[in-house]
Each structure stands twice: as C-alpha cells, then as structure tokens.
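Numbers restart at 1 for each chain; the letters A, B, ... are given by sequence-line order, proteins then strands.
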Amino acid sequence: MPKPKINKTEYTFFDDVYDVVRLIPNGRVTSYGAIAKYLGSAQSSRLVGYAMNASGKEMPEVPAHRVVNRNGLLTGKHFFNNENEMQRLLELEGVKVKEDKIADFKLHFWDPILELDL
DNA sequence: GAGGTGACTGCGA
DNA sequence: CTCGCAGCCACCT
C-alpha cells in the first residue's frame with residue numbers, strides 16, 4: 001500500500017526541475033547547470049541531476065533525455081532502461097548524437113533563462 | 001536526528 | 001591537452 005507522502009514540503013526543488021525540463025521544446029536540449037541557474041541555484045547543479053534520478057517515477061514523464069551536462073555528454077544515458085534509449089530519443093527529435101555526445105550542442109542548446117526570460 | 005549520496009560545475013596544476 | 005579536487009544542497013537510509 002503506497003503511502004501518500006504528502007507530509008514532505010508542499011514545494012520541492014525537484015518539482016521545479018521537472019517543470020523546467022518539461023518546458024524544453026522538442027529537438028532542444030539543455031544542461032543541468034542552466035536549469036540550476038534558472039532556479040536560482042547555479043551552484044546546485046548536482047541537485048538537478050539528482051532530481052532527474054527520480055524523474056523516472058514522475059508523472060507525466062519527464063524528458064530527461066533532453067538534459068545533459070555542460071559538455072553535451074549523455075551522462076545520464078546509463079539511467080535509462082537501455083543506454084541507447086536516450087540517444088535514440090534525441091535522434092528521433094532531430095538531435096544528432098556522436099560518441100554519447102550531442103553534435104552541435106550549442107545549436108540545440110535551450111537556455112531557460114534566455115527562452116523563458118525570467 | 002545524523003550521515004551519506006550524486007544524471008554537475010569551475011578552477012587549479 | 002588531461003586529471004584531480006572542493007563546493008553545493010535536497011533527498012534517502
């Protein structure tokens with residue numbers, strides 16, 4: 001019997017991360033640091049990655065494959081059901097992946113700070 | 001309640 | 001150029 005788990009803070013950093021990730025347009029990618037900075041915690045980029053760890057059980061599904069590290073490296077591909085799943089999803093959206101890295105990362109980069117213009 | 005963890009980042013050697 | 005180290009903070013055990 002799953003517990004409600006509502007006793008935790010009504011608002012969490014994770015939820016904010018998921019929200020931003022879900023705003024990433026199709027065929028675009030961003031970095032953990034960009035999201036962290038957008039949330040006002042540029043130094044907490046780790047939390048973003050940590051949040052993605054739990055994104056798999058989040059609903060609706062969070063396009064975690066659109067989030068990579070600052071180098072455009074698919075650091076989280078190992079966390080998907082299949083390693084190739086992350087790359088496949090990206091290529092499916094028109095993002096070319098080379099050696100587990102996003103080709104023309106800058107070109108596909110989506111900065112929430114610029115796009116959402118906080 | 002305390003301790004450990006991590007899908008990161010930036011800077012120094 | 002590559003490699004290593006420290007900071008950072010919410011979540012989990």
Under 3.5 Å side-chain donor-acceptor pair for A:H65 and A:E93: yes

Spacing of A:Y18 atom OH relative to C:dA10 atom P, expressed in whole Å: 14 Å

Euclidean distance, atom CZ of residue A:F14 to atom P of C:dC9 [Å, nearest integer]: 14 Å

Over 12 non-hydrogen atoms of neighbours within 6.0 angstrom of CD in A:E83: yes

Non-hydrogen side-chain atoms of A:K101 and A:N71 separated by less than 4.5 Å: no

For atom CG of A:D15 and atom C1' of C:dC11, their distance in whole Å: 12 Å

Non-hydrogen side-chain atoms of A:E58 and A:F14 separated by less than 4.5 Å: no

Reading 5' to 3' through nucleotides 7-13 of chain B, protein heavy-atom contacts under 4.0 Å coded B for base, S for sugar-phosphate only, - for none: BBSS---

Full working for side-chain contact (heavy atoms from CB on, under 4.5 Å) between A:F79 and A:N53: CA-CA 8 Å; A:F79 280 58; A:N53 187 339; 3.7 Å; yes

